[in-house]
S.K.: 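Here's a structure for you.
The shown structure was predicted, so the numbers you read here are calculated from the model rather than taken from an experiment. These values consider heavy atoms only, across backbone and side chains, with no hydrogens, waters or symmetry-generated copies.
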Amino acid sequence: KYPAVTNISFADGSTQRVMLDNEPSVKCITPAEMLEKVPSDIEVSQAITPLPMHEVAARAGIKPEELFPYGAHKAKVSLDVKKRLANVGNGHYVVVTGINPTPLGEGKSTTTIGLTQALGAALGKKVFACIR
């Protein structure tokens, strides 16, 4: 297994390749050293257009008759899905809890979305994230 690495760009134009674990070689950066400002939560949420719930459900294999929409971006799923998929193997459930945020604000939500993106995009798994 290879450690995760990334390149960090600093305000002075230099870059440094670092390992993303607790190795002593990792250089912690401050917000002042970052190349650009980290957007606020509201800026991030307003920068995207949510997919219609019927499209999300279709990608997940949920039939239209098993979906009860509440507007365009919220829905409840019928428990009939559980009966229909009874012969399909169970997936995995990952809970992200009890993380102290970093000085840059990365905490449970950021970790949850990062895990979801890594499992989905990098490993090709079918994934869902639920943040309340």
Side-chain angles (χ1 to χ4, degrees):
K1 181 178 177 183
Y2 297 101
V5 295
T6 189
N7 290 322
I8 296 178
S9 298
F10 297 95
D12 65 0
S14 66
T15 61
Q16 181 178 355
R17 190 169 181 93
V18 297
M19 294 175 51
L20 299 177
D21 58 15
N22 292 328
E23 293 291 322
S25 63
V26 174
K27 179 181 188 310
C28 296
I29 63 170
T30 66
E33 293 177 306
M34 293 179 58
L35 197 54
E36 54 185 68
K37 178 182 156 290
V38 175
S40 68
D41 292 347
I42 193 71
E43 290 171 326
V44 171
S45 68
Q46 291 175 343
I48 60 107
T49 303
L51 293 173
M53 190 51 63
H54 65 86
E55 187 176 331
V56 174
R59 289 183 185 184
I62 298 169
K63 296 180 178 181
E65 61 270 13
E66 297 169 334
L67 191 71
F68 302 104
Y70 289 84
H73 306 294
K74 294 190 297 185
K76 290 186 178 183
V77 178
S78 170
L79 289 177
D80 292 342
V81 173
K82 185 176 178 181
K83 294 175 191 167
R84 180 172 61 86
L85 299 176
N87 61 340
V88 177
N90 289 333
H92 299 279
Y93 184 72
V94 178
V95 180
V96 178
T97 62
I99 297 173
N100 291 329
T102 68
L104 296 178
E106 297 107 343
K108 294 182 294 292
S109 297
T110 304
T111 301
T112 299
I113 296 304
L115 283 170
T116 303
Q117 290 177 329
L119 289 169
L123 299 178
K125 304 291 183 180
K126 187 182 282 191
V127 293
F128 287 90
C130 179
I131 300 175
R132 62 174 189 98

S.K.: Does Ile42 have any side chain to side chain contact (heavy atoms under 4.5 Å, CB included) partners at least two apart in sequence or in another chain, and if so, which?
M.R.: Ser40, Ser45, Gln46
S.K.: Tell me, which pairs form a salt bridge (Lys or Arg N to Asp or Glu O under 4.0 Å) where one or both residues lie in residues 47-57, sequence neighbours left out?
M.R.: Glu55-Arg59
S.K.: Going by side-chain heavy atoms closer than 4.5 Å, which hydrophobic residues are tied to Leu67, directly or by a chain of links?
M.R.: Leu51, Met53, Val56, Ile62, Val77, Val81, Leu85, Val88
S.K.: Listed by chain and number, what are the side chain to side chain donor-acceptor pair (under 3.5 Å) partners of Gln117, not counting sequence neighbours?
M.R.: none
S.K.: With sequence neighbours excluded, give me every side chain to side chain donor-acceptor pair (under 3.5 Å) pair touching residues 85-98.
M.R.: none
S.K.: Show which residues join Ile113 in its hydrophobic cluster (side-chain heavy-atom contacts under 4.5 Å, direct or indirect), or state none.
M.R.: Ile131
S.K.: What residues form a side chain to side chain contact (heavy atoms under 4.5 Å, CB included) with Ile48, not counting sequence neighbours?
M.R.: Pro50
S.K.: Would you mind listing every salt bridge (Lys or Arg N to Asp or Glu O under 4.0 Å) that reaches into residues 108-126, with sequence neighbours excluded?
M.R.: none
S.K.: Looking at every non-hydrogen atom in both residues, tell me the closest pair between Thr116 and Thr112 and how far apart they are.
M.R.: OG1-O, 2.8 Å
S.K.: Determine the minimum heavy-atom distance between Ala75 and Pro69, stating which atoms define it.
M.R.: CB-CA, 3.8 Å
S.K.: Residues in side chain to side chain donor-acceptor pair (under 3.5 Å) with Ser78, at least two apart?
M.R.: Asp80
S.K.: I need the full list of side chain to side chain donor-acceptor pair (under 3.5 Å) pairs touching residues 61-76, with sequence neighbours left out, sorted by first then second residue.
M.R.: Glu66-Arg84
